[in-house]
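Single-structure report; data block below.
Convention: sequence-line order gives letters A, B, ...; per-chain numbering from 1.
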Amino acid sequence: MNLLEVVGVTHTYGSFRSFRRKEKAATALSDISLSIGEGMCLGLLGTSGAGKSTLGKVILGVEKPTKGTVLFQGQDLYTMGAAARKHFRRDLQVVFQDSFSSVNPRMTAEKIISEPLENYERLSPSELKRNVAQLLEVVGLHADDMTKYPMQFSGGQLQRINIARAIALKPKMIVLDEPVSSLDMVTQTHILTLLNELKAEYGLSYLFITHDIRAAYSVSDALAVMDKGRVVEMVQDKDEIFSSQQPVVKKLVSSILPEHPRNRTLLNGDVFV
Amino acid sequence: MISSIRIARKSQAAILIGSATLAAFFLIAILAPWIAPNDPIQVNLVLKLSPPSFDYPLGTDHLGRCNLSRLLYGARVSLGFASLIFVAALGFGLVIGTIAGYKGGVIDAVLMRFCEGVMAFPNLVLVLGIVGLLGPGLWQVVMALMMVQWVYYARMIRNMIVGLKEQNFILAARISGSSTGKIIRRHMIPNVLPPVLVMGTLEMGWAIMDLSALSFLGLGVQPPTAEWGAMILEGKNFIRSQPELMLYPGIMILLVVISFNVLGEALSEKYGIKKR
């Protein structure tokens, strides 16, 4: 049994009927099926507006799809009872792209990271503090950083705090929604390395949502490519992506710029933005 | 760049002056029984309308009551009840605004249309109507002002909650297993409260104005309680011979309301908060 199973998920936004005229529904996802095994990382690629983040929210259990089911450890996310839901919640965590908007600006790092622990574990204040300190060390920060506020951290450091919060409950799976896209190249490499280490250490599964094929390649085992709400390509071995004949995939692959600027040419004269 | 520094300095000064004046007024209100030279409701017809003297530093009114003592005690009523209105309206607005903003949908629509309905009337007219229904008296006026003012808090809080709801940190809190109650307590209220308190400073000025206005109309504070609006009402019969009877309480109202407005304006400018 796979850890996560998405079966025939279709999702439309704005399908409500307003006074007298029917709103034209915008289809964000159509008939998506994929699965993620334990300890595996699926890289979900696609350009902006392809529906990657919507799929991420559907998988996280916060956006009920119009059609289809999401099974986590064989249980349907959207029909399970309150108790099962509370239990499931701790096994599936998230890291968002914008590290600054993902944390409450009025809370210290300690408060931010201890929030999930407070919700699930019965810890004394000193145990909580020790746990937070430990988590900060795991993600490459210092235990002294726990008294700082989000404004005092850089984007990369704050993303580490978000990761610390996500792994605090030792989840089975983390949805990484463009976790490195707003960081500079050096920080990106650091965070990707950290994610790889955590995956190996805790046996985590990832759904790695990104538009950056290089970032996806460095962390993922399998890759899926989305375009206009559909999965257009799915490979179990990430190296197969380079031999794909799918035009959307070819475009994504060709958008990897060579190391040296002299060799940077554009595919079929296409303009990349 | 330079002008923005100048504005910052100016608002810094305004915050200092505004809060210092208000602190002085609140101190007067609290200490009134100890610093007032005479009993504010002690009638002494022999001394009526007497000029300033050592025992009566600002003279006496038409019933021979000490003007200074009445002014000092008046601060208790104005500031005390304005604070009460502020706390009650804020509390009620916070509950309604949070429910409307968090729940959304029909509940939100119904509550907000009701608030807009209240806001559509000029404040004082609506308050007069409610006092007309409840009958004159201080508590009725306080009730009426509360019933009108909470809508401004509710609407502002509702809009802020709606904006916050879309923030990733709220979603992240939900995903980390926090309950709705915890999300509201830990993440929403602390982010909503500071700007609302700034707006409240401006609303306090309004509350004092309205309270005095209603007392002047004879609907609020009833004699013999000392209150600035009521003092103006009592003094108006002597406007030709003793204009200071109206002038003293008028100046007090002016000072307090200006202080609240200066402080409120400066704070909202400093923190970039939109006024109602």
Side-chain angles (χ1 to χ4, degrees), chain A residues 16 53 56-57 59-63 77 82-83 85-108 111-121 149-150 158-159 161-171 173-179 182, chain B residues 8 90 94 97-98 100-110 112-113 116 156-157 159-200 267-268 270-274:
Chain A
F16 56 88
S53 289
K57 280 187 180 160
I59 288 171
L60 281 166
V62 292
E63 181 90 42
L77 288 192
R85 205 177 161 72
K86 172 113 181 154
H87 190 75
F88 137 78
R89 260 278 67 100
R90 66 175 298 171
D91 286 334
L92 183 55
Q93 293 295 312
V94 70
V95 176
F96 290 113
Q97 171 177 5
D98 183 0
S99 54
F100 284 97
S101 75
S102 308
V103 292
N104 187 339
R106 290 178 193 279
M107 276 162 57
T108 58
K111 285 263 169 220
I112 293 165
I113 297 171
S114 47
E115 184 166 359
L117 291 168
E118 286 167 11
N119 291 336
Y120 285 97
E121 316 260 350
Y149 283 88
L158 211 51
Q159 201 60 298
I161 290 185
N162 281 313
I163 292 169
R165 172 174 60 185
I167 61 169
L169 293 171
K170 307 229 173 349
M173 181 176 162
I174 302 180
V175 172
L176 304 161
D177 191 351
E178 306 256 14
S182 52
Chain B
L90 173 64
L94 194 61
T98 307
Y102 200 85
K103 288 275 176 198
V106 182
I107 298 172
D108 180 30
V110 170
M112 284 307 112
R113 290 308 85 74
E116 279 156 22
M156 185 182 182
I157 290 163
N159 288 342
M160 291 174 68
I161 296 267
V162 167
L164 275 175
K165 220 168 48 165
E166 302 300 314
Q167 295 277 323
N168 273 341
F169 72 84
I170 301 290
L171 193 58
R174 192 137 65 99
I175 288 166
S176 70
S178 296
S179 61
T180 304
K182 185 172 179 183
I183 288 173
I184 290 174
R185 256 194 346 267
R186 280 274 290 269
H187 297 286
M188 290 186 156
I189 305 281
N191 280 296
V192 159
L193 225 44
V196 170
L197 289 177
V198 172
M199 191 190 80
L267 284 175
S268 54
K270 187 175 175 190
Y271 297 107
I273 294 154
K274 250 182 27 205

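- Within the 3.5 Å criterion, the main-chain N or O of A:Arg106 finds no donor-acceptor partner in the side chain of B:Asn191.
- Both the backbone and the side chain of A:Lys111 come within contact range of chain B, with heavy atoms under 4.5 Å apart.
- If you measure heavy-atom distances from A:Arg165 to chain B, the contacts under 4.5 Å come from the side chain alone.
- Using a 4.5 Å cut-off between heavy atoms, A:Leu92 contacts chain B through its backbone alone, with no side-chain atom that close.
- Comparing A:Ala166, A:Gly61, A:Pro116 by how many heavy-atom pairs each has under 4.5 Å with chain B, the most go to A:Pro116.
- A donor-acceptor contact closer than 3.5 angstrom links the side chains of A:Ser53 and A:Asp177.
- Within the 4.5 angstrom heavy-atom criterion, atoms from both the backbone and the side chain of A:Val94 approach chain B.
- If you tally non-hydrogen atom pairs under 4.5 Å between each of B:Arg174, B:Gln167, B:Arg186 and chain A, the highest count goes to B:Arg186.
- Heavy-atom contacts from other residues, nucleotides or ligands closer than 6.0 Å to NZ of B:Lys103 number 12 or fewer.
- With respect to A:Glu121 and A:Lys170, no salt bridge is recorded, no charged nitrogen being found less than 4.0 Å from a carboxylate O.
- At least one donor-acceptor pair under 3.5 Å links the side chain of A:Gln159 to the backbone N or O of A:Phe96.
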